Enquirer: 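The structure's right below; bear with me while I get my questions together.
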2 protein chains.
Amino acid sequence: MPTASVRALEHPTCEEIRLEGVLHALSDPMRLQIVRYLSRLPEGEEAACSAIELAIAKSTTTHHFRVLREAGVVSQVYRGTAKMNALRRRDLDTLFPGLLDTVLRADAAQRRRTD
Amino acid sequence: MPTASVRALEHPTCEEIRLEGVLHALSDPMRLQIVRYLSRLPEGEEAACSAIELAIAKSTTTHHFRVLREAGVVSQVYRGTAKMNALRRRDLDTLFPGLLDTVLRADAAQRRRTD
DNA sequence: CGCTTAATACGATAATCTACGTACTACGAC
DNA sequence: GTCGTAGTACGTAGATTATCGTATTAAGCG
């Protein structure tokens, strides 16, 4: 695994993560799709932004990842030319027990109904 | 209990309720406060819009109740001059099991931390 | 009927959000 | 150094949002 680059990315600390912000971040279909994707990775695994195929422009993708990061939903690190993303599962589970899983299950249920 | 007035209010059916819409409705502090208030009522109880003291103008309150209703989070009926509100607990629990309770618990946890 | 209370409708405004394209930067490979 | 890949920054357009004040409607009461 290549080391992280010097470029730093601002992440909210656990104390700074707000429920409203998390809910807002999750209330967009594109961002929900990103979170769903990341949630399927094995524990500890990361994915590059480009790994998720979204039907939107690249710059818009950047925007959505930023919203997720600033809300405290994902963590991002640069590795080479890639920016790797991971869910902040542990942090979210500590702050808001069960929230992430419940939302993901709700999302799965909705997709089952409407697909 | 007075009967409901003729004035009808549009509510989404269960099939029309979208997870994204629910999360968005819950991602506003004022609306979260309304939902918190309604969640504390005994099962089946309703509250008038005016029962909840919000630090905003009355017309803004109307707006937030409407967002909650259109997202499928609350149901509203006119009774006399009042408009009674209740959480759509049963519907939400059927569609998205555990979501409402988990969000309410997360909200309580956050308040415990930051108060 | 006229008064009061509860809530709405309307119109305005300022902020925020999503989306895009284009130009740019950082990194790794050659 | 040059090239390709990954992602950012910036400016912007269009939509939605949150807020307000004022005028208005509906219901119940005397």
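By convention in this document, chain letters (A, B, ...) are assigned in the order of the sequence lines, proteins followed by strands, and residues within each chain are numbered from 1. No experiment lies behind these values; they were computed from the predicted model shown. No hydrogens, no waters, no symmetry mates; every other heavy atom, side chains included, goes into these values.
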Enquirer: Among B:Arg40, B:Arg36, B:Arg113, which residue meets the salt bridge (charged side-chain N to carboxylate O under 4.0 Å, His left out) test with B:Asp107?
Expert: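 With B:Asp107 as partner, B:Arg40, B:Arg36, B:Arg113 yield a single salt bridge (charged side-chain N to carboxylate O under 4.0 Å, His left out), made by B:Arg36.
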Enquirer: Any side-chain N or O of A:Arg31 less than 4.0 Å from the OP1 or OP2 oxygen of C:dT18?
Expert: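 True: A:Arg31 side-chain N/O within range (under 4.0 Å) of C:dT18 OP1/OP2.
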Enquirer: From the set C:dT18, D:dA18, D:dG7, return the single nucleotide nearest to any side-chain atom of A:Val67.
Expert: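 Given the options C:dT18, D:dA18, D:dG7, the side chain of A:Val67 is closest to C:dT18.
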Enquirer: Surrounding CD of B:Glu10 (heavy atoms of other residues, nucleotides or ligands, distance under 6.0 Å), is the total greater than 12?
Expert: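 No.
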Enquirer: Which pair of non-hydrogen atoms, one from A:Arg18 and one from B:Thr114, has the smallest distance, and what is that distance?
Expert: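 Closest pair (atom of A:Arg18, atom of B:Thr114, distance): NH1-CG2, 3.8 Å.
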Enquirer: Quick one: on DNA chain C, does A:Ser27 or B:Asn85 contact a more 5' nucleotide (nearest heavy atom)?
Expert: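 The answer here is B:Asn85.
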Enquirer: At their closest point, which heavy atom of B:Pro12 faces which heavy atom of B:Arg69, and how far apart are they?
Expert: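 Smallest interatomic distance, heavy atoms only, reads CD-O, 3.2 Å.
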Enquirer: Of all the choices, C:dA9, D:dA9, C:dG28, which nucleotide is nearest to the side chain of A:Arg66 once you look at every atom?
Expert: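 Closest nucleotide among those given: D:dA9.
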Enquirer: State whether B:His64 places a side-chain N or O below 4.0 Å from either non-bridging phosphate oxygen (OP1 or OP2) of D:dT19.
Expert: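 Yes, B:His64 has a side-chain N/O under 4.0 Å of OP1/OP2 on D:dT19.
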Enquirer: Could you pull out the closest heavy-atom pair between B:Arg89 and B:Asp101, with the gap in Å?
Expert: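 Reported closest heavy-atom pair: NH1-OD1, 4.1 Å.
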Enquirer: Taking atom C1' of D:dA18 as reference, at what distance in whole Å does atom CD of A:Glu20 sit?
Expert: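 It is 15 Å, rounded to the nearest whole Å.
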Enquirer: Classify the side chain of B:Ser59 versus the base of D:dG21 as yes if they form a donor-acceptor pair under 3.5 Å and no if they do not.
Expert: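 Check passes, donor-acceptor contact within cut-off.
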Enquirer: Kindly point out which of C:dA7, C:dG21, C:dG28 is positioned nearest to the side chain of A:Thr81?
Expert: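 Output: C:dG28.
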Enquirer: Hey, does A:Thr60 reach any base, or is it just sugar-phosphate, or nothing, if we go heavy atoms under 4.0 Å?
Expert: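 The answer is base, as A:Thr60 lies within the cut-off (heavy atoms under 4.0 Å) of a base atom.
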Enquirer: Which nucleotide in the list D:dG28, C:dA7, D:dG7 gets nearest to the side chain of B:Ala82?
Expert: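 Of all the options, the side chain of B:Ala82 is nearest to C:dA7.
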Enquirer: Atom CD of B:Gln33 to atom P of D:dA18: distance rounded to whole Å?
Expert: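 So the two atoms are 15 Å apart, to the nearest Å.
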Enquirer: Go through C:dG28, C:dA7, D:dG28 for me and flag the one nearest to the B:Thr62 side chain.
Expert: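 In terms of side-chain proximity for B:Thr62, the closest of C:dG28, C:dA7, D:dG28 is C:dA7.
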Enquirer: Rounded to the nearest angstrom, tell me the gap between atom CG in B:Leu68 and atom P in D:dA18.
Expert: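 Roughly 10 Å, once rounded to whole Å.
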Enquirer: Find the distance A:His24:NE2 to D:dA18:P and express it as a whole number of Å.
Expert: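 To the nearest whole Å, that distance equals 9 Å.
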Enquirer: Take the protein atom CD of A:Glu53 and the nucleotide atom P of D:dA6, then report the distance between them rounded to whole Å.
Expert: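 Whole-Å distance recorded here is 12 Å.
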Enquirer: Figure out the CD/C1' separation between B:Glu70 and D:dT17, and round it to whole Å.
Expert: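 From B:Glu70 CD to D:dT17 C1': 13 Å.
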Enquirer: Can you check the A:His63 NE2 to D:dA15 C1' distance for me, whole Å?
Expert: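 Atom-to-atom, A:His63 to D:dA15, this comes out as 13 Å.
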Enquirer: How many whole angstroms separate atom NZ of A:Lys58 from atom C1' of C:dC24?
Expert: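 Result: 11 Å.
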